[in-house]
Amino acid sequence: MPPMASTSLFIPASFAPTTAAAPARRSFSSHRSSPSTIPSVRLRRASSSLVVSASASPRRSLDALIFDCDGVILESEHLHRQAYNDAFVHFGVRCPPAADAPLDWDEAFYDILQNRIGGGKPKMRWYFGENGWPSSKIFETPPSSDSDKEKLVDIIQDWKTERYKEIIKSGTVEPRPGVLRLMDEVRGAGIKLAVCSAATKSSVVLCLENLIGLERFTGLDCFLAGDDVKQKKPDPSIYVTAAKKLGVESKNCLVVEDSVIGLQAAKGAGMSCIITYTPSTANQDFKDAIATYPDLSNAR
């Protein structure tokens, strides 16, 4: 595996055909250019926008950088899993209904689930649809009508969200390396900054206020959560909506994601995407990303 390449601030493939090499990690398909083929890249100011100049590459402005939240700004998979399992215990959720103990999503299963389905409610709908709707303190017998199924999911998700907030407010959670520095550099360069998360808005707001600080959060040019769009990632709606709110073209936006679901959403919106992977997403196929990083410490 080649050493980490020296890179400038997030160069989309259409800006310059290069990707950043990452340190060795557990088996993961590599799609990086050979160091000898990486073109010379530099950033410079031109009028009011940051543009990239690279050999054999057309010049284009980079108008907006868009962050996902969970997995990008913070490593949150284990926190969400803890909150779901706490909710299952609280409501006595048994799936199947005859199970001796409340439902428990273990680490290996949740890694698969959260990388397959975006959004909390869709996760539960899928799981209960595949494994049978549960008994619980909410419904002693498994719900059969669509309205009761939605009520069950809504109540569990609301409680889970509040539990997740408690965990975030505990003060034990920190942003991933390089996130705050990069946000500040982007704003200083005059590039628009946004956060788009599939999670519930109230939980994302709490995360951002506690992890990036109130000043950075209120200074965002756009903030969207799962509540703001009808379809969850990998549907591109949230990124299409962000581009409209930012007043920029999708092709001039760059997204920071941690999973193939987010990558698909960004690409579907016509945006370039880089990946800052987590232990639970490191084995995914990121061939459509323009760069992959273990974290954002070396991204400039």
Side-chain angles (χ1 to χ4, degrees), residues 25 65-90 104-115 117-121 123-124 156-187 193-220 222-228 232-233 238 255-259 261-262 274-282 284 293-299:
R25 51 195 171 107
L65 182 65
I66 306 175
F67 284 81
D68 179 30
C69 184
D70 290 328
V72 173
I73 293 177
L74 75 158
E75 284 197 28
S76 56
E77 294 92 346
H78 63 295
L79 306 179
H80 283 290
R81 186 175 69 87
Q82 176 185 338
Y84 276 117
N85 287 336
D86 289 348
F88 297 150
V89 170
H90 178 78
D104 183 273
W105 284 342
D106 63 29
E107 182 178 354
F109 173 76
Y110 191 74
D111 278 353
I112 297 171
L113 180 64
Q114 63 104 12
N115 288 316
I117 300 173
K121 293 181 182 181
K123 284 182 176 65
M124 285 190 282
I156 296 174
Q157 183 66 30
D158 288 346
W159 195 95
K160 176 265 175 183
T161 297
E162 294 306 310
R163 176 66 182 120
Y164 181 74
K165 290 179 183 178
E166 291 176 359
I167 297 171
I168 295 297
K169 288 189 291 187
S170 68
T172 60
V173 183
E174 296 182 352
R176 295 188 68 190
V179 169
L180 301 185
R181 172 195 55 75
L182 185 59
M183 285 185 169
D184 292 343
E185 289 179 359
V186 165
R187 292 309 300 267
L193 186 64
V195 172
C196 292
S197 171
T200 305
K201 176 167 283 188
S202 59
S203 66
V204 183
V205 168
L206 185 74
C207 284
L208 295 178
E209 288 179 346
N210 280 268
L211 296 177
I212 71 172
L214 187 59
E215 183 176 353
R216 289 188 185 90
F217 174 54
T218 57
L220 292 173
C222 176
F223 164 60
L224 294 174
D227 315 55
D228 296 312
K232 305 287 188 181
K233 301 174 186 177
I238 196 165
V255 176
V256 188
E257 277 281 1
D258 70 303
S259 70
I261 287 178
I274 70 161
I275 293 293
T276 170
Y277 53 84
T278 67
S280 71
T281 66
Q284 294 183 10
Y293 297 88
D295 59 49
L296 297 175
S297 298
N298 292 292

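All of these numbers come straight from a predicted model, not from anything done at the bench.
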Minimum heavy-atom distance between [X] and [Y], given as atom pair plus value:
{"X": "A299", "Y": "L182", "result": "O-CD1, 4.3 Å"}
{"X": "T218", "Y": "E215", "result": "OG1-O, 3.2 Å"}
{"X": "T161", "Y": "S202", "result": "CG2-OG, 3.6 Å"}
{"X": "D228", "Y": "F223", "result": "OD2-O, 4.3 Å"}
{"X": "D227", "Y": "K201", "result": "OD1-N, 2.6 Å"}
{"X": "H80", "Y": "D70", "result": "NE2-OD2, 2.9 Å"}

**Prompt:** Passes side chain to side chain contact (heavy atoms under 4.5 Å, CB included), L211 versus F217? Steps please.
**Reply:** CA-CA 9 Å; L211 296 177; F217 174 54; over 6 Å; no
**Message:** If you apply the rule salt bridge (charged side-chain N to carboxylate O under 4.0 Å, His left out), what do you find for R176 with D295, and how did you get there?
**Reply:** CA-CA 7 Å; R176 295 188 68 190; D295 59 49; 5.6 Å; no
**Message:** side chain to side chain contact (heavy atoms under 4.5 Å, CB included), that's the test. Do I168 and L79 meet it? Break it down for me.
**Reply:** CA-CA 8 Å; I168 295 297; L79 306 179; 4.1 Å; yes
**Item:** Note: E166-K169 ion pair, threshold 4.0 Å (strictly below)
**Value:** no
**Prompt:** Salt-bridged, D111 to R81, with N to O below 4.0 Å?
**Reply:** no
Is it the case that the side chain of [X] and the backbone of [Y] share a donor-acceptor pair, with hydrogens and angles ignored and the cut-off at 3.5 Å?
{"X": "N85", "Y": "W105", "value": "yes"}
{"X": "N115", "Y": "S280", "value": "yes"}
{"X": "R187", "Y": "R216", "value": "no"}

Separation between [atom1] of [X] and [atom2] of [Y], rounded to the nearest 0.5 Å:
{"X": "I275", "Y": "T281", "atom1": "CD1", "atom2": "OG1", "result": "7.0 Å"}
{"X": "N298", "Y": "Y293", "atom1": "CG", "atom2": "OH", "result": "8.5 Å"}
{"X": "C207", "Y": "I167", "atom1": "SG", "atom2": "CD1", "result": "10.0 Å"}
{"X": "D258", "Y": "S76", "atom1": "CG", "atom2": "OG", "result": "7.5 Å"}
{"X": "D104", "Y": "D106", "atom1": "CG", "atom2": "CG", "result": "7.0 Å"}
{"X": "I212", "Y": "M183", "atom1": "CD1", "atom2": "CE", "result": "4.5 Å"}

**Item:** Aromatic ring proximity, centroids under 6.0 angstrom, Y84 and Y164
**Value:** no
Looking at side-chain heavy atoms only, is the closest gap between [X] and [Y] below 4.5 Å?
{"X": "V256", "Y": "I66", "result": "no"}
{"X": "E174", "Y": "L74", "result": "no"}
{"X": "P294", "Y": "Y277", "result": "yes"}

**Worked verdict on V195 versus L208 for side chain to side chain contact (heavy atoms under 4.5 Å, CB included)** = CA-CA 9 Å; V195 172; L208 295 178; 4.1 Å; yes
**Prompt:** What do the steps show when you test E77 against T278 for side chain to side chain donor-acceptor pair (under 3.5 Å), and what is the final call?
**Reply:** CA-CA 9 Å; E77 294 92 346; T278 67; 3.0 Å; yes
**Asked** For residues T172 and S170, is any side-chain donor paired with an opposing acceptor at under 3.5 Å?
**Response** yes
**Request:** Apply the test side chain to side chain donor-acceptor pair (under 3.5 Å) to residues K160 and H90: give CA-CA distance (whole Å), side-chain angles for both, the deciding distance (0.1 Å), then the verdict.
**Result:** CA-CA 10 Å; K160 176 265 175 183; H90 178 78; over 6 Å; no
**Item:** Stepwise side chain to side chain contact (heavy atoms under 4.5 Å, CB included) test for Q157 and M124
**Value:** CA-CA 9 Å; Q157 183 66 30; M124 285 190 282; 3.4 Å; yes
